[in-house]
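When reading the values below, keep in mind they use all heavy atoms of this one structure, side chains included, and skip hydrogens, waters and symmetry mates. First listed ligand is number 1; within each ligand, the first listed atom is number 1.
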Amino acid sequence: MYLLIPAAGSGRRMGSSRNKLLLPLLDKPLLTWTLAAVKASRSIRWVGIMGQPNDFPDFKEIVSSLGMTKCVHFFPGGATRQESVYKGLQALPAVAERVLIHDGARCLVTPDFIDRCAAELLHCPGLIAAIPVKDTIKVVEPVTQLITHTPDRRHLWAAQTPQGFAVEPLIRCHQEGVAQGWEVTDDSALFEQCGLPVKIVPGEESNLKVTTPMDLAIAESILRQRGV
Ligand code: CTP
Ligand code: MG
């Protein structure tokens, strides 16, 4: 299975001066944990990491510290996650039929879960990891800050990564997104906009995306609990 890792963000919400993927989590850079899970997965044979070129020396050091240099490729990312993924898709080898996409920032993903997503992807054109929403979600009018409605929580799932797709339709969806000016925060949204089916793979609650300093503290506590 082919895997693309968007890692070209800046971590604005983390409030740090550098890419959050290079911040220490326990004793290693955050991205090391993500890549260690990728390394331990049995299904992933080819990895493309999209990053900002000034982060590449640090990324390369992480990859070589894990001893996984052979199957890992680096590609320049874009100004948004959407652009970074599109660039990665264009850099995939022509023989790639299906691809998993996993955010560098979801560093607690397990190798087993990656493998489960890879196996499921052989049977459907699109899937995402997701978990049932625990909170009651409100839709709010941005100017008045008044609630417009409360969607039924039983239908709400929080999207995670990995997300996986057949490559050819996903590239077409990205092209359509550029043509129509769609701005989305995951690849599933492009597939959905194009009317293509995306299946849910029930995810792992611990597979959080490290976004704020609080997430970093939670991730650290989960890793300690795992006894790593
Ligand atoms: N990402 C990317 N290219 C971008 C922006 C984000 O590849 N131009 C990646 C991030 O590196 C991250 C993933 O997409 O692994 C999810 O994005 P997010 O959590 O939003 O990370 P950042 O964009 O870095 O954080 P922020 O939005 O707080 O600036
Ligand atoms: Mg972002």
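Taking the charged nitrogens against the carboxylate oxygens, Glu220 and Arg224 do have a contact shorter than 4.0 Å, which makes a salt bridge. One finds a salt bridge joining Asp103 and Arg81 here, because a Lys/Arg side-chain nitrogen approaches an Asp/Glu carboxylate oxygen to under 4.0 Å. Classification of Arg106 and Asp215 as a salt-bridged pair fails, no side-chain N sitting under 4.0 Å from a carboxylate O.
Taking atom 18 (P) of ligand 1 as the reference point, the nearest protein heavy-atom neighbour is Lys20 NZ, 3.5 Å. Annotation: atom 12 (C) of ligand 1 to nearest protein heavy atom, Pro6 O, 3.8 Å. Looking only at protein heavy atoms, the nearest one to atom 8 (N) of ligand 1 is Gly78 O, 3.0 Å. The protein heavy atom nearest to atom 14 (O) of ligand 1 is Arg81 CG, 3.6 Å. The protein atom (non-hydrogen) at minimum distance from atom 7 (O) of ligand 1 is Ala8 N, 2.9 Å.
Protein non-hydrogen atoms do reach within 4.0 Å of atom 28 (O) of ligand 1.
The proximity of Ser84 to ligand 1, defined as any non-hydrogen pair under 4.0 Å, is limited to the side chain. Contacts of Arg106 with ligand 1, taken as heavy-atom pairs under 4.0 Å, are absent altogether. Contacts with ligand 1 closer than 4.0 Å are made by no heavy atom of Glu83, backbone or side chain.
At a 3.5 angstrom cut-off on N or O pairs, Thr80 counts as close to ligand 1. Backbone and side-chain nitrogen or oxygen atoms of Arg12 are examined, and one is located within less than 3.5 angstrom of a nitrogen or oxygen of ligand 1. For a threshold of 3.5 Å applied to N or O pairs, the pair formed by Ala79 and ligand 1 contains at least one separation below that value. Checking only distances, Leu21 never comes within under 3.5 Å of ligand 1, N or O to N or O. Between Gly9 and ligand 1, an N or O atom pair is found at a separation short of 3.5 Å. In terms of polar-atom proximity, Arg13 is counted as a contact of ligand 1, with an N or O under 3.5 Å from an N or O of the ligand. The shortest N or O to N or O distance between Gly104 and ligand 1 is under 3.5 Å.
Here the closest heavy-atom approach between residue Leu100 and residue Ile114 is recorded as CD1-O, 3.9 Å.
In this structure, the separation between CD on Glu120 and SG on Cys117 is 7.5 Å, given to the nearest 0.5 Å.
In the model, Glu204 has a side-chain atom that pairs as donor or acceptor with a side-chain atom of Thr110 under 3.5 Å. The closest side-chain donor-acceptor pair between Glu61 and Ser65, if any, does not fall under 3.5 angstrom. Side-chain contact of Ser43 with Arg116: a donor-acceptor pair under 3.5 Å is absent, judged by distance alone. At a cut-off of 3.5 Å, with distance as the only test, no side-chain donor of Gln163 or Asp187 sits close to an acceptor on the other residue.
Using a 4.0 Å cut-off to heavy atoms of Ala105, the atoms of ligand 1 that qualify are 15 (O).
Hydrophobic clustering (ILVMFWY, side-chain heavy atoms < 4.5 Å, transitive): Leu127 and Leu4 are in distinct clusters.
For Gly11, the closest heavy-atom approach to ligand 1 falls below 4.0 Å.
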Can you check side-chain contact (heavy atoms from CB on, under 4.5 Å) on Leu3 and Ile101, steps first, answer last? CA-CA 6 Å; Leu3 174 71; Ile101 299 158; 5.9 Å; no
